[in-house]
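Starting from 1, each residue takes its place in the sequence as its number.
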Amino acid sequence: CNSIDPHITSTQLTTKIQHGEILLAVKETEPIGYLRYNYFWDEIPFMNLLIVLEEYRGQNIGTQLVEFWETTMKQRGYDQVLTSTQENENAQNFYRKLGYHDIGTLLIKPDEAPELFLTKNL
């Protein structure tokens, strides 16, 4: 998992795994996709990161990870989920195809594109 997600430390990753906040797509024994989440305001499921290894993109793996996560969140009683992506990234189009809609942007670092927030009602 560390090789797929360079954005968090090994300690943070261990904690996320212990809390069940990591989903993996695996082919044979190798991870090929990864979804990491937490809770915005400690009450709304927020997808922090979705990664599918480049050679496996376009094979519905990202869609399957997101749909599994959404189903799990709905089963746990949540009626809304959130995610974000930089405004200049193509991921926003992927999320829109899955039924997410834009709810606003936030300029976190002046030298980077704004962060676009998206939501979906479950």
query: Does the side chain of Y100 reach to within under 4.5 Å of the side chain of V81, using non-hydrogen atoms?
result: yes
Between L35 and L65 the two heavy atoms that sit nearest each other are CD1-O, 3.8 Å
Worksheet entry | Check: H101 and R96 side chains under 4.5 Å, non-hydrogen atoms | no
Q. Does F46 share a hydrophobic cluster with L13, counting links as ILVMFWY side-chain heavy atoms below 4.5 Å and allowing steps through other members?
A. no
Would you call E21-R36 a salt bridge at under 4.0 Å N-O? no
On a heavy-atom basis, the closest approach of G99 and K120 is O-CG, 3.8 Å
- request: State yes or no: do Y37 and F117 share one hydrophobic cluster built from I, L, V, M, F, W and Y residues joined by side-chain heavy-atom distances below 4.5 Å, directly or via other members?
  value: no
So CG of L122 and CD of Q75: to nearest 0.5 Å the spacing works out to 11.0 Å
Item to complete: For E55, look at atom CD and say whether over 12 heavy atoms of other residues, nucleotides or ligands are found less than 6.0 Å away.
Response: yes
Looking only at heavy atoms, the pair that brings T105 and E87 closest together is CG2-OE2, 3.2 Å
**Request:** Evaluate the criterion ring pair (Phe, Tyr, Trp, His ring centres under 6.0 Å) for residue pair Y39 and Y78; output intermediate values, then yes/no.
**Result:** CA-CA 11 Å; Y39 297 90; Y78 297 100; 5.7 Å; yes
Following the transitive rule for hydrophobic clusters with a side-chain heavy-atom cut-off under 4.5 Å over Ile, Leu, Val, Met, Phe, Trp and Tyr, establish whether I103 and W41 coincide in one cluster. yes
| request: Measure the shortest side-chain to side-chain distance between N48 and N38 over non-hydrogen atoms and say whether it is less than 4.5 angstrom. | output: yes
Are I17 and M47 joined in one hydrophobic group, where the rule is that I, L, V, M, F, W and Y side chains link up if heavy atoms are under 4.5 Å apart?
-> yes
Co-membership, hydrophobic cluster, residues F40 and L23, 4.5 Å side-chain:
no
In terms of heavy-atom contacts, K16 and I8 come closest through CG-CD1, 4.3 Å
Next item on the list: For atom CG of N93, decide whether the heavy atoms of other residues, nucleotides or ligands shown that lie under 6.0 angstrom number more than 12.
Entry: yes
When rounded to the nearest 0.5 Å, the distance separating CD of Q92 from OG1 of T85 is 6.5 Å
- Message: Does N90, at its CG atom, have more than 12 non-hydrogen atoms belonging to other residues, nucleotides or ligands within less than 6.0 Å?
- Response: no
- prompt: Any side-chain heavy atom of F94 sitting closer than 4.5 Å to one from L50?
  reply: yes
Review point. Could you go step by step and tell me if T9 and Q12 meet the side-chain hydrogen bond (donor to acceptor under 3.5 Å, both in side chains) rule?
Key: CA-CA 5 Å; T9 67; Q12 291 170 315; 3.3 Å; yes
Between K109 and L107, the two heavy atoms sitting closest are O-CD1, 3.5 Å
For this session: Kindly indicate whether the side chain of L98, heavy atoms from C-beta on, has any atom under 4.5 Å from the side chain of T63.
Result: yes
For E115 and S84, the nearest pair of non-hydrogen atoms, with its separation, is OE2-OG, 2.7 Å
Notebook entry, point to check: Are any of the side-chain heavy atoms of E89 and Q86 separated by less than 4.5 Å?
Noted result: yes
Please check if the side chain of K74 supplies one atom and the backbone of W69 the other of a donor-acceptor pair under 3.5 Å.
-> no
Side chain to side chain contact (heavy atoms under 4.5 Å, CB included) between I61 and I32: does it pass, once the steps are laid out?
CA-CA 9 Å; I61 294 163; I32 59 172; 3.5 Å; yes
Fill in: Residue pair L118 / L116, side-chain heavy-atom distance below 4.5 Å
yes
